[in-house]
Amino acid sequence: MVKNIAVIRGDGIGPEIVNQAIRVLDKIAELYGHTFNYTDVDMGGCAIDKYGDPLPESELKKCTDSDSVLLGAVGGDKWNDVPGHMRPEKGLLRLRAGMGVYSNNRPAKIWPQLADASPLKKSIVDQGIDFIIVRELIGGIYFGEHKTEDIDGKPTATDILTYNTEEIERIGRIGFETARKRGKRLCSVEKSNVLDSSRLWKKVMHKLASEYPDVELSDMLVDNCAMQIVKNPAQFDVVVTENMFGDILSDEASMITGSIGMIPSSSLGATTCGLYEPIHGSAPDIAGKDVANPIGTILSAAMMLRFSFDMADEADAIENAVSAYLDKGYRTADIMSEGMTQVGCSKCGDIILECLIKE
Ligand code: IPM
Ligand code: MG
């Protein structure tokens, strides 16, 4: 198969981690007889420096014209003082909205080899951690009106959180369908004791439940969910939640699996053209030092093969290679533990390539 992939290296550690993922994709192409063409796209701080805009229309078009997009990370201290609408992160939000990728899938699964890296007690980890957060990605407070104005002589800031039934229903369906393919348990997370948008969210989820009688729906308030994720993560199968709650809970969920550096994500909308990115940020403090963990990005590339290109064997091959790398005792600094061999970003890529075989 021939696939055209838009590649956004971005800022900070973005270029280093994406380069390792591309080496892995190239090896897959060689082993399975595919052709992957790459188109470089500038987004984030590097695009601000080059064009004065975190995502010019021409760069967004390269993404929507592609078969899928692979992204490293954007942002950094250098651009902290630019106005809100010009920040590197704004490029990412425009990309998500421009691609229409409303459904963000973030797995929280513990690799058995990394059980020791989890900050949770062994007795909790031993019960198993394997759930998915389905996060609504192009609505809610991230995309409502943002303004700062003077009211009664005081600078006053407003961010508006809006959801309509259609936006809730389409992400709800993804939640139910994801649960249907797994353990058939869906937990809808909201703050219906305070927010109108959450009361509407809950109502829509319950209406949908009648169409998915095989899936058990439960509700949980977001503050309780934050607590339950560390107290009893084994209870979760699929969590569906709105944009900002999903942002916060997915960082928490990633950490209990050992390292945020290991977690990939997929974002999809109405078409198979998806956005694939690790859930961590650009980590400017370690950028350019060849110490970052590229596995979140490498596993994001695997998700791209599985969900957008229908290449399940190829995706399995990448995941097995990552597992073999961990079995051999190699670890980047973020997941290093006693008795293991510490490696840098490119060495991690070298070993995963060596482990990569046709399934
Ligand atoms: C994420 C990130 C982004 C988000 C930032 C960089 C805008 O934290 O993908 O989780 O909040 O969605
Ligand atoms: Mg986040």
(request) Write out all pairs satisfying salt bridge (charged side-chain N to carboxylate O under 4.0 Å, His left out) with one or both partners inside residues 3-22, taking only residues at least two apart or from two chains. (result)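 Found Arg9-Asp40.
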Side-chain touch [X]/[Y], heavy atoms, less than 4.5 angstrom:
X	Y	value
Arg180	Leu186	no
Met262	Leu326	yes
Arg199	Asn193	no
Ile263	Pro278	no
Ile279	Ile260	yes
Leu299	Glu319	yes
Thr257	Leu114	no
Leu195	Glu190	no

Over 12 non-hydrogen atoms of neighbours within 6.0 angstrom of [atom1] in [X]:
X	atom1	answer
Asp310	CG	no
Glu211	CD	yes
Glu166	CD	no

Any chance the side chains of [X] and [Y] put a donor and an acceptor closer than 3.5 Å?
X	Y	result
Thr158	Glu145	no
Asp334	Ser259	yes
Ser198	Ser192	no
Ser346	Asp290	yes
Ser308	Tyr276	yes

Given 3.5 Å as the limit, does a donor-acceptor pair link the side chain of [X] with the main chain of [Y], or not?
X	Y	answer
Glu59	Asp42	yes
Ser118	Ile256	yes
His34	Met1	yes

Enumerate donor-acceptor pairs with a distance under 3.5 Å from any side-chain N or O in residues 93-103 to protein atoms, sequence neighbours excluded.
unit_1: Arg94; atom_1: NH1; unit_2: Asp53; atom_2: OD1; d: 3.1
unit_1: Arg94; atom_1: NH1; unit_2: Leu55; atom_2: O; d: 3.0
unit_1: Arg96; atom_1: NH2; unit_2: Glu277; atom_2: OE2; d: 3.3

(message) Running the 4.5 Å side-chain criterion over Ile, Leu, Val, Met, Phe, Trp and Tyr, what cluster does Met86 land in, apart from itself?
(response)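 Direct or chained contacts put Met86 with Ile48, Trp79, Val82.
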Only distances under 3.5 Å count here; give the side-chain donor-acceptor pairs of residues 217-230 to other protein atoms, sequence neighbours excluded, each with its distance to 0.1 Å.
unit_1: Asp219; atom_1: OD1; unit_2: His206; atom_2: NE2; d: 2.9
unit_1: Asp219; atom_1: OD2; unit_2: His206; atom_2: NE2; d: 2.8
unit_1: Asp223; atom_1: OD2; unit_2: Lys191; atom_2: NZ; d: 3.1
unit_1: Asn224; atom_1: OD1; unit_2: Gln228; atom_2: NE2; d: 3.2
unit_1: Gln228; atom_1: OE1; unit_2: Gln235; atom_2: NE2; d: 2.9

So which atom in [X] and which in [Y] form the shortest heavy-atom distance, rounded to 0.1 Å?
X	Y	answer
Leu25	Tyr38	CB-OH, 3.4 Å
Gly12	Pro15	O-CD, 3.3 Å
Ser188	Met205	OG-CG, 3.5 Å

Separation of [Y] [atom2] from [X] [atom1] (nearest 0.5 Å):
X	Y	atom1	atom2	result
Thr178	Phe131	OG1	CZ	14.0 Å
Met304	Phe309	CE	CZ	5.0 Å
Leu268	Ile174	CG	CD1	8.0 Å

(request) May I ask you to decide whether Lys184 forms a salt bridge with Asp237, counting only side-chain N to carboxylate O separations under 4.0 Å? (result)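 Between Asp237 and Lys184 there is no salt bridge, as every charged N stays at least 4.0 Å from the carboxylate O atoms.
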Please list, one pair per line, the donor and acceptor atoms closer than 3.5 Å that link side chains of residues 351-359 to other protein atoms, with sequence neighbours excluded.
unit_1: Glu359; atom_1: OE1; unit_2: Asn320; atom_2: ND2; d: 3.0
unit_1: Glu359; atom_1: OE2; unit_2: Asn320; atom_2: ND2; d: 3.1

(message) Strictly by ring pair (Phe, Tyr, Trp, His ring centres under 6.0 Å), give each pair with a member in residues 158-200 just once, sequence neighbours left out.
(response)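 Residue pairs with at least one partner in residues 158-200: Tyr163-Trp201, Phe176-Tyr212.
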